[in-house]
Amino acid sequence: MQPFDCVVVGGGIVGLSTAWAILERNPQARIALLEKEESLAHHQTGRNSGVIHSGIYYKPGSLKAKLCRAGSRRLIEFCQMHDIRHERCGKVIVATSQAELPRLNSLYERGIANGLAVKKLTQDQVREIEPHVRCIAGIHVPETGIVDFVGICRKLGELVASSGGELRLGTKVHSIQTRGGETVLETTKGAVSSRLIINCGGLHSDRLATLAGAKPDARIIPFRGEYYELKPDRRFLVRNLIYPVPDPQFPFLGVHFTRMIDGCVHAGPNAVLSLKREGYHRTAFNLWDFVDTMTYPGFWRLVRRHARSGLEEMYRSFSKKAFTRSLQKLIPDICEADLVPAEPGVRAQALRPDGGLVDDFLIVNNRSGMHVCNAPSPAATASLEIGRVIAEQIPRCGAIQA
Ligand SMILES: Cc1cc2nc3c(=O)[nH]c(=O)nc-3n(C[C@H](O)[C@H](O)[C@H](O)COP(=O)(O)OP(=O)(O)OC[C@H]3O[C@@H](n4cnc5c(N)ncnc54)[C@H](O)[C@@H]3O)c2cc1C
């Protein structure tokens, strides 16, 4: 069996961007992408909010800040080049109480530090942009947009295939062994060998990394994000994107309103612990996933720190009334009858043994290759840049000659 130069595991937007970036730099390389599902973008990438993030939230200098800013520009160019639906519609972030004003101001400063054209807004200026919002002040972020991430993945898949890469769908990796300079991946469709592997396994990235002998020092904890959708005759309440001021304690942005690229308006997502890594229903349960979470000391440290907000999130998950109340803080005219449930997603969030959420993107190298062990939001926005960063490091791994 002739080994591949590189095998990418995971057919989400990060794996596809990476495979394409490697092929662009190494057109002669023999590359395969293995995806366990029968379609691309089946998990996080196909179940997200569809927002091109601007980079306002992230610590200046962090990978998230740098790759999100550059990634959003490249994503828009990619969409223009390949005729993929997208729109740079801008968003407002609004404070609904005096207590939120200092945090809104810090966010504004961070936006400036990250090189964004953010603008402070009075209550009236917010209402000129979003007439149904109730707030005391806001920020306008013109760089934010909306996009069809699944369409991007389809195009990336075509580009990988037409550049000589092999896309193997329905191929689940269940064991990885590195001997000498070669790694053998046992899959549901037979063994595949490669000089180098790139693990972009999303919700399973930590397990794949461990199988390959890497020590990510963090475990993926799955957080389900549930959405409602506004009934078509109530979509007029939201023109574009309306976000609250996020709680800096959490990596998630708080329930918000998003006009999707297909015209529907989503409200959400919340963030509740999922008892199954790819569990899209409240009662979804997987014993292995459950035990993995419950036996991880970091999880219990996280629970101790955030018990109250965790319980509030769970309550909001089961109570549509509570979910609606959170939304009414932003738009008081919304009522329960305006909302119908929409498809949820599950976020892969890496957690350290000390209970700290891994804030930045995390890529771990070992002799088998590279493992993307934390790629939460805005990784879809930043994906083309994450792929570039990985592809640039590959010659140093020695598998592919640049
Ligand atoms: C609710 C929600 C809202 C979000 N909103 C946004 C947003 O608006 N903007 C934004 O930029 N980001 C957003 N994100 C984050 C973004 O969706 C993710 O960061 C991004 O999709 C991660 O891509 P990925 O390729 O790493 O993971 P995934 O898309 O999950 O892909 C990983 C792939 O690996 C495959 N895989 C796993 N294990 C194996 C195995 N053993 N063998 C073979 N294949 C395997 C899986 O089947 C999967 O297809 C959101 C995420 C969620 C969940």
Side-chain angles (χ1 to χ4, degrees), residues 7-19 32-55 57 64 67-68 71-72 75 91 144-147 149-150 152-153 156 168-176 185-189 192 197-209 211-212 220 222-227 241 243 251-253 255-256 258 260-261 266 268-272 274 277-278 280 342-350 361-363 371-387:
V7 164
V8 175
V9 184
I13 199 163
V14 175
L16 285 158
S17 297
T18 302
L33 182 144
L34 313 182
E35 166 54 52
K36 66 180 165 61
E37 306 295 344
E38 293 296 341
S39 58
L40 298 172
H42 194 84
H43 291 292
Q44 295 178 88
T45 305
R47 297 165 175 274
N48 66 23
S49 299
V51 173
I52 307 175
H53 286 296
S54 62
Y57 299 106
K64 270 189 180 175
L67 303 188
C68 181
S72 66
L75 204 75
K91 81 168 175 184
T144 307
I146 52 176
V147 71
F149 281 125
V150 176
I152 293 181
C153 287
L156 283 168
R168 296 193 185 177
L169 301 180
T171 306
K172 180 176 180 177
V173 175
H174 52 74
S175 100
I176 303 174
L185 300 102
E186 294 292 342
T187 80
T188 43
K189 293 200 174 153
V192 177
I197 64 165
I198 314 287
N199 157 15
C200 303
L203 284 149
H204 296 284
S205 54
D206 56 341
R207 288 178 179 162
L208 286 162
L211 282 178
I220 293 294
F223 287 98
R224 196 174 46 257
E226 295 153 333
Y227 294 93
L241 310 176
Y243 282 63
F252 312 123
L253 302 178
V255 291
H256 49 266
T258 312
M260 308 294 282
I261 200 69
H266 277 186
N270 59 0
V272 277
S274 176
R277 290 198 179 194
E278 289 162 356
Y280 298 109
E343 276 288 294
V346 179
R347 309 171 182 85
Q349 174 62 52
F361 298 146
L362 175 67
I363 303 175
H371 305 271
V372 180
C373 291
N374 195 46
S377 186
T381 302
S383 54
L384 294 174
E385 281 295 288
I386 297 176

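Counting starts at 1 for both ligands and their atoms, in listed order. These numbers come from a predicted model, not from an experiment.
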With heavy-atom distances below 4.0 Å as the criterion, list the atoms of ligand 1 near [X].
| X | value |
| --- | --- |
| G50 | 8 (O) |
| E37 | 47 (O) |
| A379 | 19 (O) |
| H53 | 7 (C), 8 (O), 9 (N), 10 (C), 11 (O) |
| H204 | 37 (C), 38 (N) |

Can you tell me which residue and heavy atom of the protein come closest to [atom], and the distance to 0.1 Å?
| atom | answer |
| --- | --- |
| atom 32 (C) of ligand 1 | C200 O, 3.4 Å |
| atom 34 (O) of ligand 1 | G10 CA, 3.3 Å |
| atom 4 (C) of ligand 1 | N48 CB, 3.1 Å |
| atom 31 (O) of ligand 1 | G12 CA, 3.4 Å |
| atom 12 (N) of ligand 1 | S377 OG, 3.4 Å |
| atom 29 (O) of ligand 1 | T45 OG1, 2.5 Å |
| atom 47 (O) of ligand 1 | E35 OE2, 2.7 Å |
| atom 11 (O) of ligand 1 | T381 OG1, 2.7 Å |

Geometry only, no angles: is [X] polar-contacting ligand 1 at N/O separations under 3.5 Å?
| X | answer |
| --- | --- |
| I13 | yes |
| G202 | no |
| E278 | no |
| Y227 | no |
| V346 | no |
| K36 | yes |
| A375 | yes |
| V14 | yes |
| S49 | yes |

Under 3.5 Å, side chain of [X] to main-chain N/O of [Y], donor-acceptor pair present?
| X | Y | answer |
| --- | --- | --- |
| Q44 | A348 | yes |
| K189 | L169 | yes |
| R347 | F252 | no |
| T45 | I13 | yes |
| R224 | S274 | no |

Could you pull out the closest heavy-atom pair between [X] and [Y], with the gap in Å?
| X | Y | answer |
| --- | --- | --- |
| T18 | C200 | OG1-SG, 4.1 Å |
| G11 | E35 | N-OE1, 2.6 Å |
| H266 | A342 | NE2-CB, 3.9 Å |

- Check the angle between the aromatic planes of Y280 and H43 and answer parallel, tilted or perpendicular using the 30° and 60° thresholds.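 Answer is parallel, since the angle falls under 30°.
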
- Item | Aromatic plane relationship, Y243 with Y57 - under 30° parallel, 30 to 60° tilted, over 60° perpendicular | tilted

Close side-chain approach of [X] to [Y], heavy-atom, < 4.5 Å:
| X | Y | value |
| --- | --- | --- |
| F361 | P376 | yes |
| S205 | V372 | no |
| K36 | T188 | no |
| H371 | L208 | no |

Tell me the contacting part of [X] for ligand 1: side chain, backbone, both, or neither, using a 4.0 Å heavy-atom threshold, strictly below.
| X | answer |
| --- | --- |
| R47 | backbone |
| R347 | both |
| P376 | backbone |

- With sequence neighbours left out, what residues match K64 under side chain to side chain donor-acceptor pair (under 3.5 Å)? none

- No-hydrogen, no-angle side-chain donor-acceptor test under 3.5 Å, E278 and H204: yes

- Item | ligand 1 contacted by T171 (non-hydrogen, < 4.0 Å) |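 Flag set, T171 near ligand 1.
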
- Note on the structure: Of V173, L185, I386, I52, the residue with the heavy atom nearest atom 40 (C) of ligand 1 is V173

